[in-house]
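To start, the structure under review is shown below, and the notes come after it.
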Amino acid sequence: MKGKALSAKEGINKAIIDFLKKSLEKKCFDALLIPAKVPETESYAWLLLQDESLLELANPLPPVMTVQGGKALSTVTKHGEMHQSVAAVMRPCEVRAAVELFKLKQNNLENITLISIDCPGTMPLSDYTDNPEKMTKAFENAFDKWGEGDNLRPICQICHKFSLTSLFPPSPQESPSDQNEKDFSASDLHIGLLGGNKEKIFLMPCSTRGTELLEKLELPPQDSLEKWESKVKEIIDKKIKKRNTFNKEWLTKIGGNEKFIAVFDECINCHNCMRVCPICYCQQCYFDSPALNLPPEAYLQRAEKRGALRFPLDTLLFHLGRMSHMVLSCVSCGACEDACPMSIPVAQIFSVIGDQTQKDFNYVPGRNRGEPLPLQVFREDEFSEVEIPSEGEETSTGEAEKNV
Amino acid sequence: MSNEYVPRIIGFLCNWCSYTGADLAGTARLKIPASLKVIRVMCSGRIDPLFVLKGFLKGADGIMMMGCHPGDCHYQKGNYNARRRYVMLQNILKILGLEKERIGLWWVSASEAPRYAQVTHEFEEKIKKLGSNPIQEEIFL
Amino acid sequence: MSKALKIKKGVDKGLNDLLEFLLKSKDIKGIFALKKMNENGAVSYSLMTSVDELKKATPLHPLMPVNAGKVLSIFSLKEATKEPVAAVLRPCELRAFIELVKRNQGSLDNLLLISLTCGGVYPLQSLADGNMKKHLPPYWESLKKAEINPDLRVTCQSCEHFIPYLADMTVATVGKKDLDKECTILLNTTKGEDYAKDAPGNIGSEEMETAETEKLKKRREEQNKKIVEDFEKEGLGFKALVKTFSACLACHGCSYACPICYCTLCDFDSKTLEYSPQSFVSELEQKGGLKIPPGNIFFHLGRMSHMAVSCVNCGMCSDVCPVNIPVATVFSRVSLSLQDEFNYLPGKDVEESVPYGVYKEEEFVEIGEQ
């Protein structure tokens with residue numbers, strides 16, 4: 001794979017912004033969706049901009065993730081195709097969320113150029129809110145020692161999907177679908193930050209749109225990406241090891257009724273986690289709907305079963321239910337944990353369970369637009385191990401199983 | 001071609017009194033400020049405070065709410081409700097230090113064409129003095 | 001002077017004794033109160049129907065995980081309970097419930113309402129930080145001295161409505177020096193007196209408002225003045241508003257935590273207020289850029305226009321905000337002024353209609369005629 005190396009001697013952020021500025025000038029796209037710092041504050045917000053002068057506020061990799069980028073892009077394109085072309089500059093997890101939302105028909109990617117960047121992780125939102133200066137410095141350190149900042153969000157510390165989709169294992173299997181040969185990668189262009197000693201950034205096209213973009217800018221992808229690729233793979237290996245340990249530890253920590261229930265002892269049922277989650281797109285969540293309203297006798301009956309009934313109700317039903325609805329598409333972005341007022345490690349728990357369940361389906365959310373959602377398709381001959389046939393009866397794979 | 005500042009003013013006029021009054025002003029060839037864009041609603045009680053807030057936040061320089069005089073509402077009590085909602089809106093804007101003078105409520109009946117011309121001109125003058133709504137520049141709304 | 005039940009035990013134990021008595025010896029089928037969830041000081045509202053579970057109740061614990069007005073609304077939303085149920089809740093929670101009842105979001109029938117003279121609660125962050133245990137001793141000390149504990153929720157520090165209006169029983173806590181030895185529960189209504197008949201303890205008399213409660217009221221008024229001054233120094237004007245809400249994620253946690261915001265689908269979450277592609281294009285042409293998601297200030301001002309008239313200043317909104325925006329401070333400034341304008345005190349009188357949808361013919365007569 002080849003890319004285009006650009007000088008970043010004046011700083012990585014500046015190099016990226018300059019590249020985007022040129023693209024706007026040359027009308028490669030009409031507008032840009034990128035994080036920006038709100039003037040006179042320490043707050044970051046997504047900015048949809050057309051005016052180049054606003055680029056001075058832009059920061060492609062802020063020290064915090066405020067609104068999840070996939071959700072922000074959905075806001076812009078939910079109700080139809082954007083009349084103007086927009087480039088969205090996002091972290092890989094945000095791009096993957098956008099791809100999942102595409103599959104869920106919650107955005108429209110016509111006229112959208114997805115640009116992803118190598119992501120070092122972000123700081124916990126509450127830590128940043130308490131002390132923005134300290135956390136900005138800590139973030140810059142984490143940038144230097146990529147993947148080793150220990151005050152990064154826990155979910156970022158174990159993230160091995162911080163770079164180009166096609167690099168992380170398992171490599172994309174053949175999708176069980178009859179899609180045509182259209183290019184279905186996650187992002188259109190990826191900006192590599194590693195392997196250049198912080199003096200270079202690498203632009204690599206991942207789709208026809210990305211190739212066309214570089215062509216229009218007269219930046220032919222002819223430079224070697226070896227150094228970048230080897231550095232990224234080195235860090236991916238480290239992170240995968242960390243992730244496996246992390247997953248094992250968490251499964252022990254929360255395994256079993258008592259332990260799992262205790263995690264949510266402090267949950268106040270605010271549902272912030274659901275509302276900031278990019279995958280949770282329902283206009284009215286089932287768990288907020290009148291479907292769960294009951295007359296008072298019913299509540300008293302339920303209370304009498306065990307002597308007490310927690311209000312607001314169905315705390316575990318909400319979390320497990322939400323899990324069952326979205327965990328197969330969970331991109332481990334961590335927006336949920338940032339939003340929790342009680343600091344419950346929701347992202348870490350959902351991520352662990354996401355990994356385990358996605359594995360069963362050989363599914364990596366967001367790696368490929370053409371890959372259908374696991375629950376939308378099926379093969380006749382699969383998962384026979386979960387079928388328990390009666391004596392002598394054949395399973396779907398045609399084998400007569402002994403009664404287990 | 002003068003460089004005079006032309007404000008952007010929205011008027012929500014109730015169908016039965018103020019809109020008819022405005023119409024009468026038109027047929028009587030009274031001069032009405034060109035800066036005023038009229039939106040007809042059936043009753044001043046239909047004016048959702050969110051209309052006014054949205055207009056204000058979108059950068060309208062002035063917003064006029066108009067209806068029938070108290071006691072004369074075509075639907076009996078719509079204008080009383082409008083009056084309370086106006087008080088509520090003014091209160092919010094006052095406490096937060098936002099320019100509450102940009103929003104006003106007038107009772108104009110179907111025959112009061114000169115009154116319509118007068119209040120719209122006076123309001124336009126006031127808005128011209130206030131200048132354009134600073135919200136127009138704000139991106140991080 | 002009203003009748004009062006005096007139990008010769010510490011206020012916690014005394015109240016629990018009364019609750020047990022209500023469950024065992026009266027027709028009360030269940031009790032809503034805070035219940036202990038773990039050893040860190042986490043609590044959750046619970047409908048307790050057994051004496052065993054009731055033993056874990058800790059109704060006076062200074063934490064509000066959810067406004068109990070919302071809880072009672074969930075319980076009595078579909079219809080009034082036919083079986084009598086008791087609830088222990090703070091004055092602002094009770095006021096919120098009354099506001100919800102006025103909006104047909106709950107019913108007062110068959111509810112025995114037990115409130116307290118309220119010393120305030122800690123922000124939920126105290127629990128998340130693991131500090132609740134260490135906060136308890138200083139909390140009770142300030143309560144006994146009718147002083148304001150500086151670590152409480154900002155809304156609590158300036159709350160003047162800490163004496164409940166429509167309770168059947170009120171646990172006296174503010175300024176009671178003998179909280180460790182005696183539990184005094186005022187019986188405010190005939191219902192309260194009836195339920196207290198034969199309860200453990202003696203019937204005496206007590207004032208709801210004492211010299212001590214007056215002291216706290218004055219202190220809180222001072223605190224409120226300070227908060228208003230600070231706000232007017234920094235919080236006024238359009239630019240200040242944008243700065244205050246600059247970090248807002250549009251998570252709408254404030255709206256969902258608010259007891260008054262009861263809409264099943266909020267206007268600001270509905271399709272009506274979503275932007276079409278054309279709106280984005282026209283805003284881009286006009287301003288060159290806009291924040292995504294759009295309509296942040298509009299959401300806050302709009303929510304204010306919908307609920308500020310009934311805001312009880314409980315402070316749940318600030319507590320659930322992931323980026324520490326002082327939502328409650330802004331909303332309480334507006335709501336106190338708005339309620340003053342309409343001469344309306346939310347939660348004081350269930351017969352008093354919410355100021356929207358009602359009107360007087362002769363009011364605000366100067367408006368509209370200029």
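A quick note: this is a predicted structure, and the numbers were derived from the prediction, not measured. Just so we're on the same page: letters track the sequence lines, and every chain starts at 1.
Not counting sequence neighbours, the partners of C/Glu99 by the salt bridge (Lys or Arg N to Asp or Glu O under 4.0 Å) test are C/Lys102, C/Arg103. Among residues two or more places apart in sequence or in another chain, the side chain to side chain contact (heavy atoms under 4.5 Å, CB included) test is passed with C/Lys348 by C/Tyr165, C/Leu345.
Residue B/Phe140 holds its CZ atom at 9.5 Å from CG of C/Leu290, rounded to the nearest 0.5 Å. Atom CZ of C/Phe298 is separated from atom CG of B/Leu141 by 11.5 Å, given to the nearest 0.5 angstrom. How far CG of B/Leu50 is from CG of C/Leu273: 6.5 Å, rounded to the nearest 0.5 Å.
If you measure heavy-atom distances from C/Phe231 to chain B, the contacts under 4.5 Å come from the side chain alone. For B/Ile135, the parts lying under 4.5 angstrom from a heavy atom of chain C are both the backbone and the side chain. If you measure heavy-atom distances from C/Val309 to chain B, you find no contacts under 4.5 Å at all. Using a 4.5 Å cut-off between heavy atoms, C/Phe268 touches chain B through its side chain atoms alone. Proximity to chain C (any heavy atom under 4.5 Å) is restricted, for B/Val119, to the side chain, taken from C-beta onward. Both the backbone and the side chain of C/Val334 come within contact range of chain B, with heavy atoms under 4.5 Å apart. Neither the backbone nor the side chain of C/Phe299 comes within contact range of chain B; no heavy atoms are under 4.5 Å apart.
Closest non-hydrogen pair, C/Leu301 versus B/Leu98, comes out as CD1-CD1, 4.1 Å.
Inter-residue side-chain proximity for B/Leu96 and C/Val330 is flagged as met; some heavy-atom pair is nearer than 4.5 Å.
The stretch residues 22-58 of chain B participates, sequence neighbours left out, in these ring pair (Phe, Tyr, Trp, His ring centres under 6.0 Å) pairs: B/Phe12-B/Phe51.
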Between chain B and chain C, which donor-acceptor atom pairs come closer than 3.5 Å, counting both backbone and side-chain atoms?
residue, atom, partner, partner atom, Å
C/Gly237, N, B/Leu96, O, 2.8
C/Glu283, OE2, B/Lys58, NZ, 3.3
C/Lys287, NZ, B/Glu138, O, 3.0
C/Lys291, N, B/Ile139, O, 3.2
C/Asn296, N, B/Leu141, O, 3.4
C/Ser337, OG, B/Asn91, OD1, 2.5
C/Ser337, OG, B/Asn91, ND2, 3.4
C/Leu338, N, B/Asn91, OD1, 3.3
C/Glu341, OE1, B/Asn91, ND2, 2.9
C/Pro355, O, B/Arg84, NH1, 2.8
C/Val358, O, B/Arg84, NE, 3.4
C/Lys360, O, B/Arg83, NH2, 3.0
C/Glu361, O, B/Arg83, NH2, 3.0
C/Glu363, O, B/Arg83, NE, 3.4
C/Glu363, O, B/Arg83, NH1, 3.1
C/Glu363, O, B/Arg83, NH2, 3.3
C/Glu363, OE1, B/Arg84, NH2, 3.0
C/Glu363, OE2, B/Arg84, NE, 3.0
C/Ile367, O, B/Trp107, NE1, 3.1
C/Gly368, O, B/Trp107, N, 2.8
C/Gly368, O, B/Arg115, NH2, 2.7
C/Glu369, OE1, B/His69, ND1, 3.3
C/Glu369, OE2, B/His69, ND1, 3.1
C/Gln370, O, B/Arg115, NH1, 3.0
C/Gln370, O, B/Arg115, NH2, 3.4
C/Gln370, NE2, B/Leu105, O, 3.1

